There are 2 protein chains.
Amino acid sequence: MATMHDVARLARVSVSTVSYVLTGTRPISEATRTRVLAAMAELDYQPNAMARGLATRRSRIVGLLMPMDERGLGATETAFVTGAAAAASAAGYHLVLSPVGAADHDVLRRLATQGMFDGVVLMEVQVEDDRVAALQEAGLPVVLIGRTGDTAGLSYVDIDFEQTVHEAVDHLVGLGHRRIVYVNHSADAIAAGYGPALRTRDAFCAAMARHGLEPVMIAAEDSAAGGRAALSAAVAQVPDLTAVLAMNESAIFGILGELAIRHRAVPGDVSVVSMVTSPQVAELAHPALTAMTSPGAALGRIAMEALLRQLEGVAKEHHQQLLPCALEVRGSTGPAARTGGDVGLTGSGPPDT
Amino acid sequence: MATMHDVARLARVSVSTVSYVLTGTRPISEATRTRVLAAMAELDYQPNAMARGLATRRSRIVGLLMPMDERGLGATETAFVTGAAAAASAAGYHLVLSPVGAADHDVLRRLATQGMFDGVVLMEVQVEDDRVAALQEAGLPVVLIGRTGDTAGLSYVDIDFEQTVHEAVDHLVGLGHRRIVYVNHSADAIAAGYGPALRTRDAFCAAMARHGLEPVMIAAEDSAAGGRAALSAAVAQVPDLTAVLAMNESAIFGILGELAIRHRAVPGDVSVVSMVTSPQVAELAHPALTAMTSPGAALGRIAMEALLRQLEGVAKEHHQQLLPCALEVRGSTGPAARTGGDVGLTGSGPPDT
DNA sequence: GCCCGTCGTCGAAACGCTTCGACTAAGCGG
DNA sequence: CCGCTTAGTCGAAGCGTTTCGACGACGGGC
C-alpha cells in the first residue's frame, strides 16, 4: 500500500532516488541507499506491478497459450505446464494460462495487442497453424512447444519423434520382433494435421523400412474403446503380430485390455511399447509398460527459458531444439515368441464398440 | 500500438470521450460514439492492460496459488486448474499460475502486495494453514479449494468427503460386504494435517460405525509400491476382507496388482472402490474401477466464479460449498463372496518392494 | 587556478488510461 | 422568461513507476 512517494518522504530523498536504489540504474551513495532501504523496510514497501509495467512497457508476464478442450490435459501436457510455470516463476515472471482454441483468431490478436504479455509459449501447434503468424505480426516473442511444418524463423522445442520411434522400433527388432503394428492417434487427428501423429507415422515407416520390414499402422480414437477397436483391427490385419507400438496414451489401456481378453500374454505373446508416456501412467499398467518417457517438464522448462532469454535480449537467434523420449524398459516387452504363428488367434473376439 | 490519444485525434474528440465510449460510464451521443468506434476499428485499437490496471487499480488478473512439487499434478488437481482457467477466461480475467510452496511466506506476501492480483484461489490447503491469514491480511480476496479446520469468515469450495465416504461404504455394505478396509494416504500426509486424509479417515469410522462394522484403515505411500504394501498389510490384518476402499489415486493400481498376484479376483473375491478419482483413471484399470468421481473441473470453476463474484462486488457473504463425488459403478465391485473365508490366502506373496 | 568529467541527487515529463469537475446547450415546468 | 435539470463533451488531475536532463560538488590533470 505504501508508494514510492511515502518511502521518499520518509527517507528524505526524491522519488527518483528511490527508484534508482531499486533499479540500480544510477549510482547512489551508500548513506542514502541504506536510508532508503530502511524506509522501505519500515513501510513494508512493494513496488506496484502495474505502474512499473506501464512505465517500463514490460509486464513481466508471459502467456502459456493452449487449447483447453473438454477432456482436459493429459499427463504430458500437464508436465509442459508445470515445467513452464516453474521456470517462469524462478525467473521472477508471472505465467498466465490462456485457454485459446486453435481457431480463436481475434481472441489471440486481442491478447497479443493488449500489452499484457511480454511473450508467449504456444502449445499444441498444428503443422499448419496461422496462430503463429498472428502472434508474430503483433510483434510478440513466441516460443512453440511442438512445431509447424515450416519452422523458418521460429523458436520451438519439440519431442524428437523421429528419434523416438527409431529407438522404439530398434528395441523391438532387437528382441526379435518382425511383425510390429503401430497404433497411432485417430484418423481425424491425422487429417487435421496433428504433428505428432504425422511425424511418428512417417518415422515408423522409415524405421521399419530400415530393417526391411513392412510398416502396418492403425489409427485409434483417443479412448480405451478406441484402443480395443484398434487392437482388433490390428489382429485382423496381421494375425501373427508379436509387438504393438502405441502412440496413443488414452488407447493404450484398451489395447492391453483387449490383449487380455484374447488371452495373448504380455509380453509372452505380444510385446507392447507405449510412446510419449509419463512414467506415472506407465507404472499404472500391469505389467508396467515399457515406454518412451516423454521429457514433459523439461520441454516446458526449456521453452520458457528460451522465451525469457529472448525477452531479456540475451539471445537473438532462434532456439530450435528436439528432445527424444527416453526408452525405459519395464515389463511389457520381451523376446518375440518363437513361432510367429497363430497363437490365440481363434478367439478373434468381437470388434467391441 | 495505437493509444487512446490516436483514436481521439482521429475521431476529433477528447481522450475522455473515447474512454466513456469504452466504459459507458457517461452518456455519449450516437453520432460521436459511432465516430469513435470507427476510429478504433481503423486504428485497430486495443486498450493497454497495464495502463488500465494502473488507473482503475484492478488488474483483472487473478492468481491460482498451488504448491507444485516435483511429482507434478494428479488428474484431479489438473481438473481444478483447467476448470478455474476456463471460468476466469470466460469472465474476461487472466489467470496466473503461481507455484507457491506451503511455507513460502514472504513470497506469498510479496505476491499479495504487488497489486498484481485482484484476488486468488488457493489450492491444497492444509487443516492448519497460515497462508490463508497472510493473504487476508494483505486484503486480498481469497477463495480456497479445500478448507482449513476453522472456516469462519472464509470462502471455500471443497469435496464433501463425509458424504462421499458414506456413499461408498453404503454401496459396499449394500452389496453384502462387512469386512471393508480403507486405504488412505500416507501416514506422513495424515500427520502433516492433509485435510482429505483426515476427513475421510473420520468419515470412514463414522460410516462403518453406523453399520455396526469395525473400521480398519491402512496408510499407503502415494505410489504403486505403496499400494501393494498396503494391500499386503490389509490382508495380514483382515485375512478375510472382501472389499477395499481406496483414497489414494497413486496406490490404487498397486492394490489391484497385488490382488492379482494373490489370485484374488476383482470383483469376485474382493470388491474395490476408488475414491476421488477421475473417470479417465478409473477407465484405465481392468476391470474398470467403480469409483467416486471427483467433481474436479466443476470445483475449479465454482471456486473461480465465487471469487469473481466477490471481486465484482456482487456477493458480499462468503461462499462455502461442499460437492460430493458421484458414485459411478463400473466393474470392480460386486456382491460379497459367500464364504468370507480364506480364499487365496495361502499365497501370501512377498511384500514386493 | 581552470576546465572537465564523474558522482549523487533532484524535478519533471512521460507511460496510457480513468474519472472528476466544469461548462455548454438544450429541454421544461412554473 | 427564468432558473433547473440533464445530456454531451472537454480539460486536467491523478494512478505509481521509470527515465531524462540538469545541476552542484568534487577531484584531477595541466
Side-chain angles (χ1 to χ4, degrees), chain A residues 1-37 39-40 43-61 92 94 110 112-118 139, chain B residues 1-37 39-40 43-61 92 94 110 112-118 139 312-313:
Chain A
M1 290 305 190
T3 77
M4 269 181 93
H5 257 96
D6 304 329
V7 174
R9 189 165 40 239
L10 183 58
R12 321 205 127 273
V13 296
S14 78
V15 199
S16 44
T17 302
V18 177
S19 175
Y20 293 134
V21 169
L22 232 35
T23 62
T25 23
R26 282 200 188 176
I28 293 287
S29 74
E30 199 48 40
T32 47
R33 152 173 286 111
T34 57
R35 242 184 25 256
V36 169
L37 258 23
M40 286 184 182
L43 295 176
D44 193 22
Y45 168 75
Q46 287 296 130
N48 180 291
M50 292 288 132
R52 201 202 282 264
L54 180 56
T56 58
R57 270 158 301 272
R58 328 234 15 257
S59 60
R60 297 192 74 83
I61 296 179
H94 292 282
R110 203 160 315 151
T113 347
Q114 265 180 159
M116 166 130 302
F117 298 148
D118 288 349
Chain B
M1 288 306 188
T3 77
M4 268 179 95
H5 256 96
D6 304 328
V7 175
R9 188 165 41 239
L10 183 58
R12 321 205 125 272
V13 296
S14 77
V15 198
S16 43
T17 301
V18 178
S19 175
Y20 293 134
V21 169
L22 233 35
T23 63
T25 24
R26 284 202 188 174
I28 294 285
S29 75
E30 199 48 40
T32 47
R33 151 173 287 109
T34 56
R35 241 183 30 254
V36 169
L37 257 23
M40 287 185 180
L43 295 176
D44 194 20
Y45 168 75
Q46 286 298 128
N48 180 289
M50 291 288 131
R52 200 201 282 265
L54 179 56
T56 58
R57 272 158 300 272
R58 328 232 18 256
S59 61
R60 297 193 74 83
I61 297 178
H94 291 282
R110 203 159 316 151
T113 347
Q114 262 181 163
M116 167 132 300
F117 297 148
D118 288 348
E312 307 285 358

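What you are looking at is a predicted structure, and each value in this text was computed from that prediction instead of being measured. Sequence lines set the chain letters: A, B, ... in the order given, protein chains first and strands last, and positions in each chain run from 1. Reckoned from all heavy atoms, side chains included, excluding hydrogens, waters and symmetry mates.
A:Ser16 comes within 4.0 angstrom of a nucleotide base, judged by non-hydrogen atoms across all strands. Contact annotation for A:Ser19: base contact, defined as any heavy-atom pair under 4.0 Å involving a base atom.
Residues forming a salt bridge (Lys or Arg N to Asp or Glu O under 4.0 Å) with B:Arg58 (at least two apart in sequence, or on another chain): B:Asp118. Under the rule for a side-chain hydrogen bond (donor to acceptor under 3.5 Å, both in side chains), the partners of B:Thr32 that lie at least two apart in sequence or sit in another chain are B:Ser29. Take A:Val21 and apply the side chain to side chain contact (heavy atoms under 4.5 Å, CB included) test, not counting sequence neighbours, and it matches A:Ile28, A:Val36, A:Leu37. In this view, A:Arg9 and A:Asp6 satisfy the side-chain hydrogen bond (donor to acceptor under 3.5 Å, both in side chains) rule, not counting sequence neighbours. Checked against side-chain hydrogen bond (donor to acceptor under 3.5 Å, both in side chains), A:Ser16 has the following partners two or more places apart in sequence or in another chain: A:Ser14. B:Thr25 meets the side-chain hydrogen bond (donor to acceptor under 3.5 Å, both in side chains) test with B:Thr23; sequence neighbours excluded.
Distances shorter than 4.0 Å separate none of the side-chain N or O atoms of A:Thr3 from OP1 or OP2 on D:dG16. Put simply, A:Thr23 has no side-chain N or O that comes within less than 4.0 Å of OP1 or OP2 on D:dT19. Regarding contacts with the backbone of C:dT9, a side-chain N or O of A:Ser29 is found under 4.0 angstrom from either OP1 or OP2.
Computed from C1' positions of five pairs at each end, the angle between the two local axes of the helix from C:dG1-D:dC30 to C:dG30-D:dC1 equals 50°, rounded to 10 degrees.
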Test log, rule side chain to side chain contact (heavy atoms under 4.5 Å, CB included), inputs B:Val15 and B:His5: CA-CA 6 Å; B:Val15 198; B:His5 256 96; 4.0 Å; yes
Stepwise side chain to side chain contact (heavy atoms under 4.5 Å, CB included) check, A:Ile61 with B:His94: CA-CA 11 Å; A:Ile61 296 179; B:His94 291 282; over 6 Å; no
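Listed by first and then second residue, the salt bridge (Lys or Arg N to Asp or Glu O under 4.0 Å) pairs involving residues 14-34 of chain A are A:Glu30-A:Arg33 (not counting sequence neighbours).
A:Ala11 and A:Ala39 make their closest contact through CB-CB, 3.9 Å (heavy atoms, listed as atom of the first residue, atom of the second, distance).
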For nucleotides 21-25 of chain C, list the nitrogen or oxygen atoms of the protein found under 3.5 Å from its nitrogen or oxygen atoms, one pair per line.
unit_1: C:dG21; atom_1: N7; unit_2: B:Arg26; atom_2: NH2; d: 3.3
unit_1: C:dG21; atom_1: O6; unit_2: B:Arg26; atom_2: NH1; d: 2.3
unit_1: C:dG21; atom_1: O6; unit_2: B:Arg26; atom_2: NH2; d: 3.3
unit_1: C:dA22; atom_1: N6; unit_2: B:Arg26; atom_2: NH1; d: 3.1

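Within residues 44-60 of chain B, the residues having any heavy atom under 4.0 Å from DNA chain D are, by residue number, B:Leu54, B:Ala55, B:Arg57. The stretch residues 5-13 of chain B has no heavy atom under 4.0 Å from DNA chain C, so no residue of it qualifies as close.
One interatomic measurement links the two molecules: CE of B:Met4 to P of C:dC15, which rounds to 15 Å at whole-angstrom precision. Regarding A:Arg35, its CZ atom lies at a distance of 11 Å from the C1' atom of C:dT9, rounded to whole Å.
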Do any side-chain atoms of residues 44-55 of chain A form donor-acceptor pairs under 3.5 angstrom with protein atoms, and if so which ones, sequence neighbours left out?
unit_1: A:Asp44; atom_1: OD2; unit_2: B:Arg109; atom_2: NH1; d: 3.0
unit_1: A:Asn48; atom_1: OD1; unit_2: A:Met50; atom_2: N; d: 2.8
unit_1: A:Asn48; atom_1: OD1; unit_2: A:Ala51; atom_2: N; d: 2.8

